[in-house]
Protein chains: 2
Amino acid sequence: MDDRAYIAQRPKRADGQRNYDAILAAARKAFEASGSDASLEEIASQAGVAIGTLYRHFPTRASLVEATTRDGLENLVAQAGRLAADRDPLDALTEWMREAVVHFSTFRGLVGILTQSMYDEGTPSHAMCAAMHRSGADLLRAAQTAGCVRADLTPDELFDLMGAAAWVREQATSGRDGSPRLLRLMLEGITTRPVLPV
Amino acid sequence: MDDRAYIAQRPKRADGQRNYDAILAAARKAFEASGSDASLEEIASQAGVAIGTLYRHFPTRASLVEATTRDGLENLVAQAGRLAADRDPLDALTEWMREAVVHFSTFRGLVGILTQSMYDEGTPSHAMCAAMHRSGADLLRAAQTAGCVRADLTPDELFDLMGAAAWVREQATSGRDGSPRLLRLMLEGITTRPVLPV
DNA sequence: TTGACAACCTGAGGATCCCTCAGTTTGAAT
DNA sequence: ATTCAAACTGAGGGATCCTCAGGTTGTCAA
């Protein structure tokens, strides 16, 4: 609800802030290299910080993973607003889905954690996920009102589709990434008219 | 290729066979309770066997996971043959997909490992996975020849869809399992006529 | 029945990672 | 300069992984 909640919980002292940022940067690198189960001790070490400091800032692994993606989720919410204003409803929805899927599969394991957060209150980024859920729901409703998307599709189902596509993308070893094609198939399944070519 | 490869690699001595079976049974129970990352030492202990014995029979975690699902995969291959004989092509394909998705999500983490095996030769159950891949491809081709399914769908894409649905099912915490609905949406996306009601 | 041996089993142990917490250091407000 | 809450440190107990040197046992042939 209140985005400030995140900012407020960031450390106040200068050294705390510095370490917080260093840990986050190291975590991004590590997660992208090894997935969401990268070694936390290695991350702390790369950040030039003792393990205890990492745990001080991020009491759970999920909280660290989620912190690394907070910016991306915020972008997604903002982008939803822009797309809704600039494009026709179906374009806005499909483009947003594409971007969301890419973000959800930034590294291995992320989409699972985000899906968890989305439906489990009490996780650190639940509020952010819920906001994003609302963004998606808004875009969906607009497309449905315009008659472009089948009326019986629920927001939860939309996110199931997106999560599924992200999972496929995440699985993609070098070479075949089936997610764009998968997304197209899904879109053709949920729209009431052919999807425009890429 | 040769199914005997699996049987031949099973232990020959009576005590070995006994332990092999006990480990497999314990593993099934543990994986269903805790997912594919259950503790191997706990599994060995439950099987009444030292940890070294577990590693003797199953040198990697993946080999153990795959062994627990070998029967299921064999069933799936056999079932494909039956369905192809008994039903019209679209029914056969959709029913098979439903069963496969259920099997792929027997426990948390399975679908990821199977997907890996399917495209990575050198994994213990690659041959079995490849056989299943062929079964699915056959059913797909039949449905396409009959004009029920869009001609441009490839077998790999079919398995992407199934894997995605299985992942959604695997994520499902108590309550909402979106996979049946997801599968229906997918089917409506890939068929050339409406899917029959459940 | 009895070697003989390959197959099998055991479990200690080094390595890694998790997470906590008692003690120490330090930024910043007064 | 003083004070103290915030922040940091890193040793350490617990869990799990996986290996390997050495002991046990099933099986087969004589």
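Order of the sequence lines fixes the chain letters, A, B, ..., with proteins taken first and strands second; residue numbering starts at 1 for each chain.
In summary, A:E74 and A:R70 do not engage in a salt bridge, as defined by a charged side-chain N under 4.0 Å from a carboxylate O. Taking a cutoff of 4.0 Å between a charged side-chain nitrogen and a carboxylate oxygen, B:R141 and B:D138 qualify as a salt bridge. Residues B:D156 and A:R181 are not paired through a salt bridge, judged by the lack of any N-O separation under 4.0 Å between the basic side chain and the carboxylate.
Computed from coordinates, the A:Q17 CD to D:dC8 C1' distance equals 16 Å when rounded to whole Å. For the pair A:R18 CZ and C:dT26 P, the computed distance is 12 Å after rounding to whole Å. The separation between A:E42 atom CD and C:dC18 atom C1' is 15 Å, rounded to whole Å. Whole-Å rounding puts the B:K12 NZ to C:dC8 P distance at 7 Å. A straight line from CG of A:L54 to P of D:dA7 spans 15 Å, rounded to a whole angstrom. Atom CG in A:D21 sits roughly 13 Å away from atom P in D:dA7 (whole-Å rounding). For A:L64 and C:dC18, the CG to P distance is 11 Å, given to the nearest whole Å. Rounded to an integer number of Å, the gap from CD1 of B:I43 to C1' of D:dC17 is 13 Å.
The side chain of B:R61 places an N or O atom within less than 4.0 Å of a non-bridging phosphate oxygen (OP1 or OP2) of D:dC17. Listed pair B:S39 / D:dC17 meets the phosphate criterion, a side-chain N or O lying under 4.0 Å from OP1 or OP2. When the side-chain nitrogen and oxygen atoms of B:T53 are compared with OP1 and OP2 of C:dT10, one or more of them lie within a distance under 4.0 Å. OP1 or OP2 of C:dC8 has not a single side-chain nitrogen or oxygen of B:H57 nearer than 4.0 Å.
If you check every strand for non-hydrogen atoms under 4.0 Å, A:L40 touches sugar and phosphate atoms only.
For A:A14, the listed nucleotide lying nearest its side chain is C:dG27; candidates were D:dT27, D:dC8, C:dG27. Residue A:Y55 has its side chain nearest to C:dT20 when only C:dG27, C:dT20, C:dC8 are considered. Of the candidate nucleotides D:dA7, D:dT25, C:dT10, D:dA7 has the atom nearest to the side chain of A:R56. Comparing atom distances between the A:I51 side chain and each of D:dT9, D:dG10, D:dC8 picks out D:dG10 as nearest. Considering only side-chain atoms of B:D15, the nucleotide from C:dG27, C:dC8, D:dT9 that sits closest is C:dC8.
Side-chain contact of B:E66 with B:T123: a donor-acceptor pair under 3.5 Å is absent, judged by distance alone. With 3.5 Å as the limit, one finds no donor-acceptor pair spanning the side chains of B:R169 and B:S179.
With DNA chain D read from its 5' end, the first of the two nearest nucleotides for B:T60 and A:N19 is the one closest to A:N19.
Taking CG of A:D152 as the start and CD of A:Q144 as the end, the distance is 8.0 Å to the nearest 0.5 Å.
For A:R13 against D:dA6, a side-chain N or O and a base N or O form a donor-acceptor pair under 3.5 Å. Residue A:E41 places a side-chain atom within donor-acceptor reach of the base of C:dC19, judged by atom type and a 3.5 Å distance cut-off alone.
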